[in-house]
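Written below as structure tokens is the structure these notes are about.
Residue numbering restarts at 1 for every chain, and letters A, B, ... go by the order of the sequence lines. Since the structure is predicted, the reported quantities are computational estimates derived from the model, not experimental observations.
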Protein chains: 2
Amino acid sequence: MADLDRVIHEPARLLLVALLRKIERADFVFLMNESGLTRGNLSSHLSKLEEAGYVEIEKTYRGKVPLTLIGLTKAGRAAFDNYRKQMNGLLTRAG
Amino acid sequence: MADLDRVIHEPARLLLVALLRKIERADFVFLMNESGLTRGNLSSHLSKLEEAGYVEIEKTYRGKVPLTLIGLTKAGRAAFDNYRKQMNGLLTRAG
DNA sequence: CATACTAGTTTGTGAGGCAAACTAGTATGC
DNA sequence: GCATACTAGTTTGCCTCACAAACTAGTATG
């Protein structure tokens, strides 16, 4: 069977994880712009990813304005790589 | 944004469509065995695919026993190919 | 005619994605 | 110095939907 990681599989999160896979670390607003998600949905998807242990979220300040930094964990990278492998298998097996 | 086709994106259906992409036509029980889905879930996923116009379902008989044949439509093939293209983009863009 | 099997469909429920409402803190207008 | 607006998030409510379990229908067997 195809037991894909549902945390990664959700398109919004897949996009986020793919972004983070490249750039290591990003702030909330950047991810919002890149993904096209609303603040609300970005927040809840990041929470899911955090619960799964796939991202680390650091809350700090840029001057007096709050700044939230997000980065993929080792587990997150591994999960994404594994997902990619499985998905490629599924897609290419279907010549 | 990543607006993947949700009908195809669901893992169970992705597997079904990938299978059908190769073998053109299959019966209900074969798909059940290949996918590992229960009769109930296979039935409902096939209904979704049919509603989307992605598969054609033909009910006939093998002797006196009902036989359900399932095949991808042109639209189904196109949808899968498009999905695959988008997904590959997402996955490889994240070197 | 009752029990079992094959081949499916329908139903109930819990999880979850999305949009909208809410919160908190900072800057600006008057 | 209080109101209005803006930035940066979080929480809530609703509606969809995947999965499991229950149900249906028809055939073979004892």
Side-chain angles (χ1 to χ4, degrees), chain A residues 1-20 25-71 79 83 90, chain B residues 1-20 25-71 79 83 90:
Chain A
M1 245 295 268
D3 64 352
L4 295 162
D5 184 334
R6 293 284 187 154
V7 176
I8 304 262
H9 188 62
E10 171 60 28
R13 289 193 295 265
L14 180 53
L15 182 54
L16 290 172
V17 171
L19 282 169
L20 289 169
R25 198 152 225 239
D27 65 73
F28 191 95
V29 173
F30 175 83
L31 286 180
M32 212 186 104
N33 292 331
E34 286 295 305
S35 66
L37 291 166
T38 61
R39 279 181 239 286
N41 296 333
L42 177 55
S43 176
S44 60
H45 283 305
L46 288 177
S47 293
K48 287 255 166 177
L49 288 170
E50 191 180 26
E51 277 169 41
Y54 291 171
V55 301
E56 249 167 5
I57 301 180
E58 186 188 351
K59 284 158 201 283
T60 171
Y61 288 86
R62 178 179 46 214
K64 293 186 169 183
V65 179
L67 176 67
T68 299
L69 291 171
I70 299 105
Y83 175 87
L90 253 172
Chain B
M1 240 298 266
D3 64 353
L4 295 163
D5 184 334
R6 292 286 187 153
V7 176
I8 303 261
H9 188 61
E10 171 60 28
R13 289 193 294 265
L14 180 53
L15 182 53
L16 290 172
V17 171
L19 282 169
L20 289 169
R25 197 152 225 239
D27 65 73
F28 191 95
V29 173
F30 175 82
L31 286 180
M32 212 186 105
N33 292 330
E34 286 296 305
S35 67
L37 291 167
T38 61
R39 278 181 240 285
N41 295 334
L42 177 53
S43 176
S44 60
H45 283 305
L46 288 178
S47 293
K48 287 256 166 177
L49 288 170
E50 192 181 24
E51 277 170 41
Y54 292 172
V55 300
E56 249 167 4
I57 300 181
E58 186 188 351
K59 282 157 201 282
T60 172
Y61 287 86
R62 178 178 46 214
K64 294 187 171 186
V65 178
L67 177 67
T68 299
L69 291 171
I70 299 104
Y83 176 88
L90 254 172

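Taking Lys64(B) as the reference, nothing meets the side-chain contact (heavy atoms from CB on, under 4.5 Å) condition, with sequence neighbours excluded.
The distance between atom CG of Leu4(A) and atom C1' of dA18(D), rounded to the nearest whole Å, is 14 Å. At whole-Å resolution of the value, CE in Met32(B) and P in dA20(D) are 13 Å apart. Distance Phe28(A) CZ to dT23(C) P: 18 Å, rounded to the nearest Å. Computed from coordinates, the Leu42(A) CG to dA19(C) C1' distance equals 14 Å when rounded to whole Å. In this structure, CG of Leu37(A) is placed 11 Å from P of dG17(C), rounded to the nearest angstrom. In this structure, Ile8(B) places its CD1 atom 13 Å from P of dA18(D), rounding to the nearest Å. Whole-Å rounding puts the Phe30(A) CZ to dG9(D) C1' distance at 18 Å. To the nearest angstrom, P of dG9(D) lies 12 Å from CG of Asn33(A).
For the contact set between residues 45-69 of chain A and DNA chain C, defined by any heavy atom under 4.0 Å, the members are His45(A), Lys48(A), Lys64(A).
Here the side chains of Ile57(A) and Phe28(A) are not in contact, with every heavy-atom distance at 4.5 Å or above. Within the 4.5 Å cutoff, side-chain heavy atoms of Leu16(A) are placed close to those of Leu42(A). Side-chain atoms of Tyr54(B) and Val7(B), non-hydrogen and from C-beta on, do get closer than 4.5 Å to each other. Leu14(A) has its side chain within reach of Tyr83(A): a pair of non-hydrogen atoms, C-beta onward, lies under 4.5 Å apart. Considering only heavy atoms from C-beta on, Glu58(A) comes within 4.5 Å of Arg25(A) through its side chain.
Candidate nucleotides dA20(D), dA18(D), dG8(C) were compared by shortest atom distance to the side chain of Asn41(B), and dA20(D) ranks first. The nucleotide whose nearest atom lies closest to any side-chain atom of Ser43(A) is, among dA7(C), dT11(D), dA19(C), dT11(D).
Phosphate proximity of dA19(C) to Arg39(A): absent, as no side-chain N or O sits under 4.0 Å from OP1 or OP2. Listed pair Arg6(B) / dG16(C) fails the phosphate criterion, with no side-chain N or O lying under 4.0 Å from OP1 or OP2.
Between His9(B) and His9(A), the angle of the ring planes stays under 30°, which puts this pair in the parallel group of the 30/60° scheme.
Applying the Watson-Crick and G-U wobble criteria (two distances, each under 3.5 Å), dT29(D) pairs with dA2(C).
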